[in-house]
Amino acid sequence: MVKYFLGHSVLRSSWDQVFAAFWQRYPNPYSKHVLTEDIVHREVTPDQKLLSRRLLTKTNRMPRWAERLFPANVAHSVYILEDSIVDPQNQTMTTFTWNINHARLMEFGLARFKSNVTKSMKGFEYVLAKLQGEAPSKTLVETAKEKAKEKAKETALAATEKAKDLASKAATKKQQQQQFV
């Protein structure tokens, strides 16, 4: 049984910028797991389409139960083939990617693959924004840090207010006790 995932993205940038960003998308803050990218084959067809085959090496941990079954080097390295067809006349780019060393085991990884596709697109948009001279959107880590900082401020403010309230109640109680003495 084979699983397929189809994704479709429309990027709101010029064709030239999208085309340039595609070939420069690694490294970026969303794809630190991409270790290498090598061009295996490239040709221009008679109808002026650019065909490329690239080999990517990535780190991608298997689930813990699977790590016990395989040697450490197998559990942490993933080889991906990427075929792309660039049609400059119609300004389209089609890519096909597949895992070549864990192909029989990938039934468990479809959810992770979908998550990685999302990160890949965020990384691609990051590189595209940089090429356009725009400030790239914040990384997931930066966003998480900001939210944590905001939450810490809210918690500190709430704690301060609670402490003031408790101190006020304690002072009132102390005054009441002194009045009875």
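Side chains are part of it too, since the values below use all heavy atoms of this structure and drop only hydrogens, waters and symmetry mates.
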Trainee: Report yes or no: do I39 and V44 belong to one cluster of Ile/Leu/Val/Met/Phe/Trp/Tyr joined by side chain heavy-atom distances under 4.5 Å?
Mentor: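 Per the 4.5 Å side-chain linkage, I39 and V44 are not co-clustered.
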
Trainee: With a 4.0 Å cut-off on N to O distance, would you call K58 and E82 a salt bridge?
Mentor: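 So K58 does not pair with E82 through a salt bridge.
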
Trainee: Restricting to side-chain contact (heavy atoms from CB on, under 4.5 Å), what partner residues turn up for Q89, sequence neighbours left out?
Mentor: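 Checked Q89 against side-chain contact (heavy atoms from CB on, under 4.5 Å); matches are D87.
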
Trainee: Please name all residues satisfying side chain to side chain donor-acceptor pair (under 3.5 Å) with D16, sequence neighbours left out, ordered by chain then number.
Mentor: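 With sequence neighbours excluded, D16 shows a side chain to side chain donor-acceptor pair (under 3.5 Å) to no residue whatsoever.
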
Trainee: So how far is it from E125 CD to N28 CG, rounded to the nearest 0.5 Å?
Mentor: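 Answer for the CD-CG pair, E125 versus N28, is 10.5 Å.
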
Trainee: Hey, what do you get for CZ (R25) to CG (L131), rounding to the nearest 0.5 Å?
Mentor: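 The CZ atom of R25 sits 13.0 Å away from the CG atom of L131.
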
Trainee: What do the steps show when you test T57 against V78 for side chain to side chain contact (heavy atoms under 4.5 Å, CB included), and what is the final call?
Mentor: CA-CA 6 Å; T57 306; V78 178; over 6 Å; no

Trainee: For a quick test of reading the model, state the closest non-hydrogen atom pair linking P27 to V127 and the distance between them.
Mentor: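 What the structure gives for the nearest pair is O-CG2, 4.5 Å.
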
Trainee: Is there side-chain contact between I85 and L50, with heavy atoms separated by less than 4.5 Å?
Mentor: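 Of all side-chain heavy-atom pairs linking L50 with I85, none is under 4.5 Å.
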
Trainee: Going hydrophobic residue to hydrophobic residue with side-chain gaps under 4.5 angstrom, can you get from L51 over to V40?
Mentor: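 Yes, L51 connects to V40 through the hydrophobic network.
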
Trainee: What pairs of residues pass the salt bridge (charged side-chain N to carboxylate O under 4.0 Å, His left out) test when at least one of them lies in residues 27-43, not counting sequence neighbours?
Mentor: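 Non-adjacent pairs meeting salt bridge (charged side-chain N to carboxylate O under 4.0 Å, His left out): E37-R54.
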
Trainee: Who pairs with S14 by side chain to side chain donor-acceptor pair (under 3.5 Å), at least two apart in sequence or on another chain?
Mentor: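 With neighbours one apart ignored, the set is Q17.
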
Trainee: Can you tell me how far the CG atom of L81 sits from the CG atom of L55, to the nearest 0.5 Å?
Mentor: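 The CG atom of L55 is 6.0 Å from CG of L81, to the nearest 0.5 Å.
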
Trainee: Quick one: list whatever passes side chain to side chain donor-acceptor pair (under 3.5 Å) with T92, sequence neighbours left out.
Mentor: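 Checked T92 against side chain to side chain donor-acceptor pair (under 3.5 Å); zero matches.
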
Trainee: List the residues meeting ring pair (Phe, Tyr, Trp, His ring centres under 6.0 Å) with W15, not counting sequence neighbours, and say none if there are none.
Mentor: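 Once residues adjacent in sequence are excluded, the partners of W15 under the ring pair (Phe, Tyr, Trp, His ring centres under 6.0 Å) criterion are F19.
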
Trainee: Going through the distances and angles, do I80 and I100 end up as a side chain to side chain contact (heavy atoms under 4.5 Å, CB included)?
Mentor: CA-CA 6 Å; I80 307 292; I100 57 177; over 6 Å; no

Trainee: Which value, rounded to the nearest 0.5 Å, describes the distance between Y26 atom OH and T36 atom OG1?
Mentor: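 That separation rounds to 11.0 Å.
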
Trainee: Just by modelled atom types, is the K164 backbone N or O under 3.5 Å from a matching donor or acceptor in the S168 side chain?
Mentor: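 Not at all, since once roles are kept as given, no pair shorter than 3.5 Å links the two residues.
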
Trainee: Can you check side chain to side chain contact (heavy atoms under 4.5 Å, CB included) on T95 and F22, steps first, answer last?
Mentor: CA-CA 11 Å; T95 62; F22 179 78; 3.5 Å; yes

Trainee: How about L157 and K153: do any of their side-chain heavy atoms sit closer than 4.5 Å?
Mentor: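 Side-chain contact under 4.5 Å: no.
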
Trainee: Could you give the distance from CD (Q132) to OG (S13), rounded to the nearest 0.5 Å?
Mentor: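 Between Q132 CD and S13 OG, I get 3.5 Å after rounding to 0.5 Å.
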
Trainee: As an exercise, state the distance from NZ of K162 to OG1 of T155, rounded to the nearest 0.5 Å.
Mentor: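 These two atoms lie 14.0 Å from each other.
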
